[in-house]
Colleague: 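Starting off with a structure, shown below.
Atoms considered below: every heavy atom in the structure, side chains included; atoms not considered: hydrogens, waters and symmetry mates.
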Amino acid sequence: MATGAEISPRETEVLELVGAHLSNAEIAARLCISVRTVESHVSSLLRKLEVPDRRALARRTPTPAGAVPAPFLPTPLTSFIGRASERAELTEMTRAHRQVTAVGPGGVGKTRLALAVAAEVSGEYADGVWFVDLVPVTDPGLIATATAVAGALGLGEQPGRDMTESVLAALADRRALLVLDNCEHVADGVTLFLERLLATCPRVTVLATSRARLMVPFERVYPVPPLSLAADGDSDAVALFMERAAAVGRPLDPPLRGQVAAICERLDGMALAIELAAARCPMLGFDGITAALSHPLRMLTGGSRADDRHRSVRAALDWSHALLEPADRALLRRVSVFVAPFTATAAAQVTGDEDEEGLVADGLARLAGQSLLTVTTSLGRTEYRALETIRQYGMERLSEAGELIDARTRHLRWCLAQAAGLAVVDPDWRARFDLVADDLRAALAWAADRPEQRADAFELARCLAELTFTRHLTGESQRRYEQAAALATDPAASASMLRQAAAVAGCRTAGDDMYRLRHAAADAARVSGATAATDLATAATIAFRFSTTFVRRPSQEETLQLITEAREQAGDDPAAHAAVALAEAAVLTDAFGAVQGPPGNAVPETRERAEHAVELARRTGDPLAESAALDALTGAQSWAGDTFAAAATARRRIMLLSPLPSTPAGTHELIDALGIVAEAALGAGDVQDARRWARQLADHPSLAEVGHRATCRLLMVAALAGDVDEVLTGSVRFLDAWQRAGSPARSILAPAAAGVAMIHGLRGDHDARREWQELLGRLGTSPEHTYGYGAVFDTMLLLHHGQAAEALERMAPEPRQMWKWITWIWHHWYVALRSETAVLAESHNARAIVTEARTVVAGNPVAAAMVERAGALLDGDREALLATADAFDTAGCHYQFARTLVLAGGAHAERGAAALAALGLAPGKPTGRRW
C-alpha cells in the first residue's frame with residue numbers, strides 16, 4: 001500500500017472495515033467511536049491515499065492480494081470430524097446455486113456441516129460470509145427474520161424503511177454468503193425474506209439449514225445423512241466418538257473400535273447422540289452405555305427413516321437425562337426457557353434458586369461437562385446455552401413435569417426486571433440490551449397469548465418498545481407500541497401507546513403510519529370516554545406538515561372533515577383547541593407548504609392563524625405542542641419574507657426542545673427543529689449558528705444509519721461557507737448512506753447534492769462535479785432547484801470562473817416574481833448574488849439592482865457584505881471592497897473572504913489566491929474591475 005503519508009493504527013482499523021464494506025455507522029459501532037470520528041478518519045484516508053471516493057478507498061485495504069474479509073462465523077469449541085464427501089458435495093452445490101438448503105432431523109449435524117462448508121468457501125466471497133442463528137427468533141414473520149439478519153450484518157435500521165429493505169439495500173451490490181441456521185420454526189418468514197433477497201441481491205448466495213425444505217423458488221436441497229457407519233469400525237461416526245471421549249478424559253484404545261461402532265450403529269450415526277454418549281463414557285464405560293441404550297424408551301412407532309433418526313437422538317437424550325441427578329434434571333429443563341446465552345445468576349433467578357447461585361453454577365458446569373450445555377467465557381463473563389435440539393427436549397420435560405407455566409412465569413418476571421434495569425442508559429447499554437433482547441422477545445411472545453399474563457405482557461411490550469427505540473430499532477419499536485396498545489386493558493393506555501407508535505413512525509419518516517395511528521388513537525380515546533379532538537386534529541396536521549413522507553397523501557377535503565370533527569368534539573379542552581388551531585393553520589392556509597396545499601392563500605391570514613396556534617399551544621404548557629405550532633409560524637414568516645423573524649422562531653423551538661428527555665415524540669420534533677433552525681439561520685446569514693445546528697443534526701444518534709439525511713443540511717451550509725474539508729468528509733458519508741438506502745429520490749437532499757457539485761466545480765474536479773450533477777438529477781428537478789438553491793450554487797460557480805454573462809442569464813428572474821416556497825432560505829442569497837452578477841456583467845440597471853438589494857438584505861451580515869462588495873466594484877472603491885473581506889471573515893464565510901481579496905486585485909489578489917489554495921480550491925478566473 002504505497003503512500004507518502006503515514007497511516008495511523010486507528011486509520012488502519014477503519015480502512016480494513018471500509019474494505020469489508022461496512023458503513024460509517026457500522027464502523028463506529030464496531031470500534032466504539034462516534035460516527036463523526038469515523039468520518040474524519042475516512043476523510044483523512046482519502047487525502048493520504050489520494051483516492052477520489054469510498055469505493056476506491058475500499059480497494060486499498062491493507063490485505064494481501066486477493067484477500068477477502070474474514071468470515072463472521074461462530075468458532076466451534078470442538079473440531080469438525082470427517083464428512084469429507086458431504087463437505088465436497090455441499091460445497092459444490094453452494095458454488096453452483098444461489099440458494100441451498102441442508103435438510104435433516106435435529107441432531108444429524110446440519111449446523112456443523114454448514115459452518116465447515118462456509119469456512120471452506122469464504123475466500124470466494126469478496127464481501128464476506130455471515131452467519132445468522134435463527135433460534136432466538138420467536139416471531140415467524142418476515143420482519144423478524146430480516147431483523148436477525150440485520151443484527152448479524154451489524155446493520156441498524158434506517159428511518160423510512162423497514163429492516164427488510166435496509167438489509168436488501170446493504171447487500172444489493174455485495175458478493176457474500178449468508179448462512180441461515182435453524183430455519184424450520186420461522187420457515188414462512190424465511191421464505192418471504194429469501195424470495196426478496198434473491199431477487200434484489202444478485203451476488204448473494206444463501207446456505208440454509210432446516211428440518212424441512214423451505215419451498216423457495218430455485219431452492220436446491222441437500223439431505224444431510226447420518227455419519228458413516230463402516231462395518232470394520234473405520235468410520236466418521238467412530239472417529240467422532242473416539243475424539244469426543246478423549247476430550248472428556250478417556251482416550252480409547254484402537255481395539256475398542258468394534259464396541260464403539262456397535263454403539264454408533266445403535267444411535268443411527270446421529271452426531272448429537274454420539275457426542276452425548278461419548279461424554280458419558282468416562283463415567284459409564286461401554287457396558288454402561290450399552291445397558292442404558294437397551295432400556296425401554298418412550299419412542300413413537302412407525303414413520304420414516306428420518307423419524308427413526310429423530311428417535312435415536314431422543315433415545316440418547318432420554319438415557320442421558322435419566323442418568324442425571326434429580327437436581328440436574330430439574331436445572332436442565334428449567335433453563336430451557338432461555339433462548340439466548342445466559343449466566344449462572346440469570347439461571348438461579350429463573351429456576352427459583354436465587355439464594356443458591358453457587359449450587360446452580362455447579363449444576364450448570366456438570367451439564368456442560370456432559371455436553372448438554374455449551375459454555376463460553378469472555379470478558380470475565382461465563383455464559384451457557386443449550387443446543388436447540390436439547391432446549392426443545394428440555395421444554396418437553398418441563399411440560400411433562402407440570403412446571404412449564406411456573407418456569408415461563410419466572411422467566412417473564414426476570415425479563416421484566418432486566419427491562420427495568422435497562423432504563424438507565426450507560427456506555428455499555430447497547431451490549432447489555434443485546435444480551436437479553438431475544439429473551440425479552442420470547443417472553444413477550446409467550447405472555448401475549450395468555451390472558452392471565454396480559455398485564456405483564458403489556459408492561460413488557462411497553463418496555464421493549466422504549467428499549468428498541470433507544471437501540472434505534474425504530475421499526476420494531478413501532479410494532480411493540482402497537483402490540484402494547486392491543487394488550488392494554490385500559491383504552492386510555494391503548495390510546496397513549498398508539499400516540500407513541502405514531503411518533504416513532506414519524507422518526508421513521510413513515511407519514512402514512514403516523515396518520516393511521518393517530519386515527520386509531522382517536523378511536524381508543526372515544527372508547528375511554530375522553531375527547532378524540534386532539535388526535536383527529538393532529539392527524540390532519542400530519543397530513544400537511546409531513547406531506548412529503550406519505551405514499552398516499554390525504555386530500556384537503558379529507559383533512560377538512562377531520563378538522564370539523566375535532567372542532568365538534570373539542571369541548572373546553574385547551575389541548576384540543578390548540579391542536580385544532582394548528583390544523584387550521586396547516587390545512588386552511590398551508591403554513592407548512594404542503595404538496596397538496598392551496599396555491600393562492602393570503603400571507604396575513606397564514607401568519608395570523610400560525611400566531612394564534614402558538615399562543616394556544618403555549619397556554620397548554622406542552623413544549624411539543626408549542627414546538628409544532630412554532631414550526632407553522634416559521635413557515636408563515638418565511639413565506640412573508642420575514643427572514644430574521646423566521647430564524648428567531650426556529651431558535652425558540654430549539655430552546656423548548658433541548659431540555660426534554662429522549663422520547664419518540666421529542667426526538668421526532670427535535671430532528672425536524674434542528675433541520676429548520678440550520679436552514680433558517682443560514683437564510684439570515686448566521687453561518688456560525690447554521691453550522692452549529694447542522695453539526696448537531698449530523699451527530700444525532702438516531703440518524704447514525706441514515707447519513708444522507710443526517711448530513712444534508714451540514715453539506716449545504718459548508719458549501720455556502722466554503723468549508724471544503726467539511727464538504728468532502730460529509731459527502732462520503734452522504735453518498736455511502738444514500739446508496740445503501742436504495743438511492744431514494746428525496747427532494748430534501750437536493751440542495752446538499754447541488755452544494756457538493758459546486759464545491760467540486762470550484763476545485764476544478766470536473767469528473768466529480770459531473771457525478772454529483774447526475775446524482776442531483778436522480779433526486780428530481782423542481783422549481784426550488786431552478787430559482788432557489790440551484791440558481792445560488794450555479795451562480796457562485798459561474799462567477800468563480802469569470803462567466804458573468806452566463807451568471808446574469810441564470811439569475812434573470814426578479815426575486816419578487818418567484819412563488820412563496822421556492823426561495824425559502826435562499827431569498828437573501830439570491831438577491832445578493834444577483835446584485836453582484838449585474839455589476840460584473842455590466843448590466844445597464846446594475847446600480848438600481850444594488851440599491852434595491854441593500855434594502856432587502858439589510859441585517860444579514862453575509863448577504864449585506866456581498867451587496868456592499870458589488871457596490872464597491874461598481875464605484876471602483878477598493879477600500880470599501882476590502883472592508884467587506886473583514887465582514888466575511890467574521891461571519892465565517894471563508895470562500896467569500898478569499899474571493900473578495902481576489903476581486904481587489906494586485907497584491908491582495910495574490911493573498912486571495914493563496915487563501916483559495918489553502919481551502920483546496922482552484923484560483924478561477926474572476927471578472928472584476930481593473931484597479
Side-chain angles (χ1 to χ4, degrees), residues 1-63 67 69 154 691-692 694-701 703-708 710-719 721-740 752 755-760 762-765 767-769 771-772 892 894-895 914-922:
M1 183 175 61
T3 176
E6 183 179 353
I7 305 296
S8 70
R10 176 61 88 184
E11 287 173 340
T12 299
E13 291 179 311
V14 171
L15 183 56
E16 290 174 350
L17 295 174
V18 169
H21 299 277
L22 271 66
S23 70
N24 286 348
E26 293 168 340
I27 295 172
R30 188 72 59 80
L31 299 180
C32 299
I33 57 180
S34 70
V35 173
R36 184 177 182 182
T37 301
V38 176
E39 291 174 16
S40 298
H41 287 313
V42 170
S43 179
S44 174
L45 287 165
L46 290 171
R47 291 193 302 271
K48 290 181 178 181
L49 298 180
E50 299 178 348
V51 293
D53 55 35
R54 190 186 187 93
R55 292 182 183 273
L57 190 63
R59 293 192 288 270
R60 300 293 296 274
T61 303
T63 54
R691 184 185 289 114
R692 176 163 61 96
R695 170 50 64 192
Q696 283 192 29
L697 183 64
D699 289 343
H700 199 282
L703 298 180
E705 296 291 341
V706 280
H708 50 305
T711 60
C712 62
R713 267 67 171 227
L714 184 60
L715 287 171
M716 182 176 68
V717 173
D723 297 331
V724 178
D725 283 348
E726 187 86 77
V727 171
L728 296 180
T729 300
S731 66
V732 171
R733 180 182 175 193
F734 178 100
L735 183 59
D736 178 55
W738 181 70
Q739 291 171 337
R740 286 173 178 269
V756 175
M758 181 199 73
I759 288 295
H760 283 302
L762 295 177
R763 296 175 68 230
D765 190 340
D767 290 340
R769 178 171 182 260
E771 290 174 2
W772 279 89
H894 311 303
Y895 170 71
L916 287 173
L919 291 173
L921 302 177

Colleague: Can you name the residues that form a salt bridge (charged side-chain N to carboxylate O under 4.0 Å, His left out) with Arg691, not counting sequence neighbours?
Modeller: Asp723

Colleague: Does His708 have any side chain to side chain donor-acceptor pair (under 3.5 Å) partners at least two apart in sequence or in another chain, and if so, which?
Modeller: none

Colleague: Identify the heavy atoms of Leu715 and Gly730 that sit nearest to each other, and give their distance.
Modeller: CD2-C, 3.8 Å

Colleague: Under 3.5 Å, is there a donor-acceptor pair between the side chain of Thr729 and the main chain of Glu726?
Modeller: no

Colleague: In Å and rounded to the nearest 0.5 Å, what is the CG to CG distance from Leu697 to Leu714?
Modeller: 8.5 Å

Colleague: Side chains of Glu11 and Lys48: does their closest heavy-atom pair fall under 4.5 Å?
Modeller: yes

Colleague: Test side chain to side chain contact (heavy atoms under 4.5 Å, CB included) on Trp772 and Ile759 and set out the steps.
Modeller: CA-CA 10 Å; Trp772 279 89; Ile759 288 295; over 6 Å; no

Colleague: Could you state the interatomic distance from CG (Asp725) to OG (Ser44), rounded to the nearest 0.5 Å?
Modeller: 10.0 Å

Colleague: Give me the atom names and distance for the closest heavy-atom approach of Leu919 to Gly722.
Modeller: CD2-O, 3.7 Å

Colleague: What I'd like to find out is whether the side chain of Glu13 reaches to under 4.5 Å of the side chain of His41, using heavy atoms alone.
Modeller: no

Colleague: Any donor and acceptor pair, going by atom type alone, linking the side chain of Arg733 with main-chain N or O of Ala698 inside 3.5 Å?
Modeller: yes

Colleague: Could you report the tightest heavy-atom contact between Asp765 and Ala768, atom names first, then the distance?
Modeller: OD1-N, 3.1 Å

Colleague: Could you tell me which non-hydrogen atom of Ala922 sits nearest to which non-hydrogen atom of Gly764, and how far apart they are?
Modeller: CB-N, 4.4 Å

Colleague: Using a 4.5 Å cut-off on heavy atoms from C-beta on, say whether the side chain of Leu49 contacts that of Leu15.
Modeller: yes

Colleague: Would you name the heavy atoms of Cys712 and Ala752 that are closest together and state the gap between them?
Modeller: O-CB, 3.3 Å

Colleague: Indicate the atoms forming the closest heavy-atom contact of Gly892 with Ala721, along with that distance.
Modeller: O-CB, 3.8 Å

Colleague: Does some side-chain heavy atom of Leu916 sit less than 4.5 Å from a side-chain heavy atom of Leu762?
Modeller: no

